There are 2 protein chains.
Amino acid sequence: MAKDKAFDRVPVALTPWERFEEYLCARGMRKTAQRRILVEYVFNQHDHFDVDTLLARLPRRGQPRHVSRPTVYRTLGEFVDAGLLRKFELDGRSVYEHDYGYPQHDHLHCQRCQRLIEFQSDELLALRDRVAYAHHFRVSGHRLIVTGLCASCWEAPRRRGRRAARGS
Amino acid sequence: MAKDKAFDRVPVALTPWERFEEYLCARGMRKTAQRRILVEYVFNQHDHFDVDTLLARLPRRGQPRHVSRPTVYRTLGEFVDAGLLRKFELDGRSVYEHDYGYPQHDHLHCQRCQRLIEFQSDELLALRDRVAYAHHFRVSGHRLIVTGLCASCWEAPRRRGRRAARGS
DNA sequence: TTGCGTGCAAAAGGTTTGCATAAAT
DNA sequence: ATTTATGCAAACCTTTTGCACGCAA
């Protein structure tokens, strides 16, 4: 697994929050409680998530550290701008994943259990750049999603996947 | 955009309409005027399109060969099921492209002019299958979109792309 | 005749926005 | 004291659905 090949970014010296502080400061934006809470919840576990998942993890409305849905949307957008998160679409919904401190990677998406499996391939990057070059195309990024069935789902086709399918 | 730089593969024995007739017949579905009209409009030109684009090409409401929006959605879904079209998401919107008679391919997507440039790579397929194999993953398909700037857009950065950006 | 397919209007689902208020600087 | 950020509600946008009528078989 290629380590330091993705972005020539400074080796993660700063925590996500510190890095976000830089971003906020650089833009004259404010360090609010909500932003701190969201950094904490988002970077506590390395996993893919959508807005509803994140909201479900957060305290309910009325509870101490609750953050409203619009603020979650706005803040996740800031995380993306700040380079902390990457965003992509899956079945019409936005899915976010950690970007800061993680190398570029792509996904295998199980159609049955909805699991997202990450993989990293330098070959793919090289291939992508070669194709782009041939088309005089300036690459800024890419997204590859391979769909199919994960091992647990096709090995035991009658059982449900390890993870519940979306929508309960 | 995808002219017929095509990688014409599979000798197409049936026209899209004939093939759709088979599909309809096999499922006991009916050959309606709207389905015929849509096959015609969709396969008249080889190009990517979304529902709004297609509706804009069709006669307006009240005109002879108009087809309603819900029927367009329903019928495009049937085309996908029938293997005539492939569907993917771009910026939250559904985009369709010809499947019947065209080999698997992927896209370069210009962020400025929104152009979609097709490319085909056997290497990519091999790579995909190798990665999947390593993860014991059963591949059913994939989608790769490389984003960046097409030649015309970065060569003449101050001019607009050949195609208007959406929303005009 | 039978019942599938269509069109209309309305619903749904996810995301964004206007605005008054709360909080950061 | 300013001015940005938040929360609420409502708007938005694309896609889907309920239902009465029309048309294919």
Side-chain angles (χ1 to χ4, degrees), chain A residues 17 20-21 23-39 41 48-56 58-82 85 87-96 166-168, chain B residues 17 20-39 41 48-56 58-82 85 87-96 165-168:
Chain A
W17 172 251
F20 193 49
E21 277 185 310
Y23 170 88
L24 292 175
C25 184
R27 301 202 170 197
M29 296 168 76
R30 293 173 182 181
K31 296 173 202 168
T32 68
Q34 287 86 341
R35 286 175 177 153
R36 257 184 295 261
I37 292 164
L38 288 176
V39 166
Y41 273 85
H48 306 87
F49 65 91
D50 59 20
V51 169
D52 284 327
T53 308
L54 177 55
L55 272 167
L58 286 165
R60 322 266 155 215
R61 217 162 31 136
Q63 298 289 83
R65 288 152 51 77
H66 170 76
V67 179
S68 73
R69 180 177 286 269
T71 295
V72 167
Y73 274 106
R74 288 186 277 237
T75 307
L76 291 182
E78 286 154 8
F79 289 175
V80 171
D81 289 348
L85 291 183
K87 171 184 176 181
F88 58 101
E89 310 274 325
L90 206 56
D91 304 322
R93 207 160 32 320
S94 293
V95 177
Y96 299 85
R166 249 193 69 85
S168 70
Chain B
W17 172 250
F20 193 48
E21 277 185 311
E22 283 192 345
Y23 170 88
L24 292 175
C25 185
R27 302 204 169 192
M29 297 168 76
R30 295 173 179 178
K31 296 171 200 168
T32 67
Q34 288 86 341
R35 286 174 177 156
R36 258 185 294 263
I37 292 164
L38 288 176
V39 167
Y41 273 85
H48 306 88
F49 63 92
D50 60 19
V51 169
D52 285 326
T53 308
L54 177 55
L55 272 166
L58 286 164
R60 320 268 156 213
R61 218 163 30 140
Q63 298 289 83
R65 288 152 50 76
H66 171 75
V67 179
S68 74
R69 180 178 287 268
T71 295
V72 167
Y73 274 105
R74 288 187 275 238
T75 307
L76 291 183
E78 287 154 7
F79 289 175
V80 171
D81 288 347
L85 291 183
K87 171 184 176 179
F88 57 101
E89 310 273 325
L90 205 56
D91 303 323
R93 210 163 35 290
S94 292
V95 177
Y96 299 85
R166 249 190 72 85
S168 62

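Every chain is numbered from 1 and lettered A, B, ... according to where its sequence line falls, protein lines coming before strand lines. Only heavy atoms go into these numbers, but all of them, side chains included; no hydrogens, no water, no symmetry mates. Here the structure is a predicted model, which means the values were calculated and not measured.
- When distances run from any side-chain atom of A:Arg93 to the nucleotides C:dG14, D:dC8, D:dT6, the shortest one goes to C:dG14.
- Rounding to whole angstrom units, CG of residue A:Leu38 and P of D:dT6 are separated by 8 Å.
- With sequence neighbours excluded, no residue satisfies side-chain hydrogen bond (donor to acceptor under 3.5 Å, both in side chains) with B:Arg30.
- When the nucleotides C:dT15, C:dT6, D:dT16 are ranked by their closest atom to the side chain of A:Val51, C:dT15 comes out on top.
- A:Asp50 has its CG atom 10 Å from the C1' atom of C:dG14, to the nearest Å.
- Contact annotation: B:Tyr73 side-chain N/O to D:dT16 OP1/OP2 distance is not under 4.0 Å.
- Look at B:Asp81 and B:Lys87 and you find no salt bridge, because none of the NZ, NE, NH1 or NH2 atoms lies under 4.0 Å from a carboxylate O.
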Indicate every side-chain donor-acceptor pair of residues 20-28 of chain B with a distance under 3.5 Å to a residue at least two apart or in another chain.
{"unit_1": "B:Glu21", "atom_1": "OE2", "unit_2": "B:Trp17", "atom_2": "NE1", "d": "3.2"}
{"unit_1": "B:Tyr23", "atom_1": "OH", "unit_2": "B:Arg27", "atom_2": "NH1", "d": "3.3"}

Give me the distances for all protein-to-nucleotides 22-25 of chain C N/O pairs that come in under 3.5 Å?
{"unit_1": "C:dA24", "atom_1": "N3", "unit_2": "A:Arg30", "atom_2": "NH1", "d": "2.9"}
{"unit_1": "C:dT25", "atom_1": "OP1", "unit_2": "A:Lys31", "atom_2": "N", "d": "3.3"}

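- Straight-line distance from the OH atom of B:Tyr23 to the P atom of C:dG5: 10 Å, rounded to whole Å.
- Contact between the side-chain N/O atoms of B:Ser94 and the OP1/OP2 oxygens of D:dT15 is found at a separation under 4.0 Å.
- Applying the side-chain hydrogen bond (donor to acceptor under 3.5 Å, both in side chains) rule to B:Arg65 yields the partners B:Glu40; only residues at least two apart in sequence or on another chain are considered.
- To the nearest angstrom, P of C:dG7 lies 14 Å from CD of B:Gln63.
- The side-chain hydrogen bond (donor to acceptor under 3.5 Å, both in side chains) search around A:Thr71 returns A:Ser68, not counting sequence neighbours.
- Taking atom OH on B:Tyr96 and atom P on D:dT15, their separation rounds to 6 Å, with Å as the unit.
- Taking atom CD on A:Glu89 and atom P on C:dG14, their separation rounds to 12 Å, with Å as the unit.
- OP1 or OP2 of D:dA5 sits under 4.0 Å from a side-chain N or O of A:Arg35.
- For the pair A:Phe88 CZ and C:dG14 P, the computed distance is 16 Å after rounding to whole Å.
- For B:Thr71 and C:dG7, the shortest distance from a side-chain N or O to OP1 or OP2 is below 4.0 Å.
- Of the residues near DNA chain D, A:Ser68 and B:Arg74, the one whose nearest nucleotide (by heavy atom distance) lies more toward the 5' end is A:Ser68.
- Straight-line distance from the CZ atom of A:Arg69 to the C1' atom of D:dT6: 16 Å, rounded to whole Å.
- Taking A:Gln34 as the reference, nothing meets the side-chain hydrogen bond (donor to acceptor under 3.5 Å, both in side chains) condition, with sequence neighbours excluded.
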> So B:Val51 and B:Tyr73, side-chain contact (heavy atoms from CB on, under 4.5 Å) or not? Walk me through it.
Replying inline: CA-CA 7 Å; B:Val51 169; B:Tyr73 274 105; 3.5 Å; yes
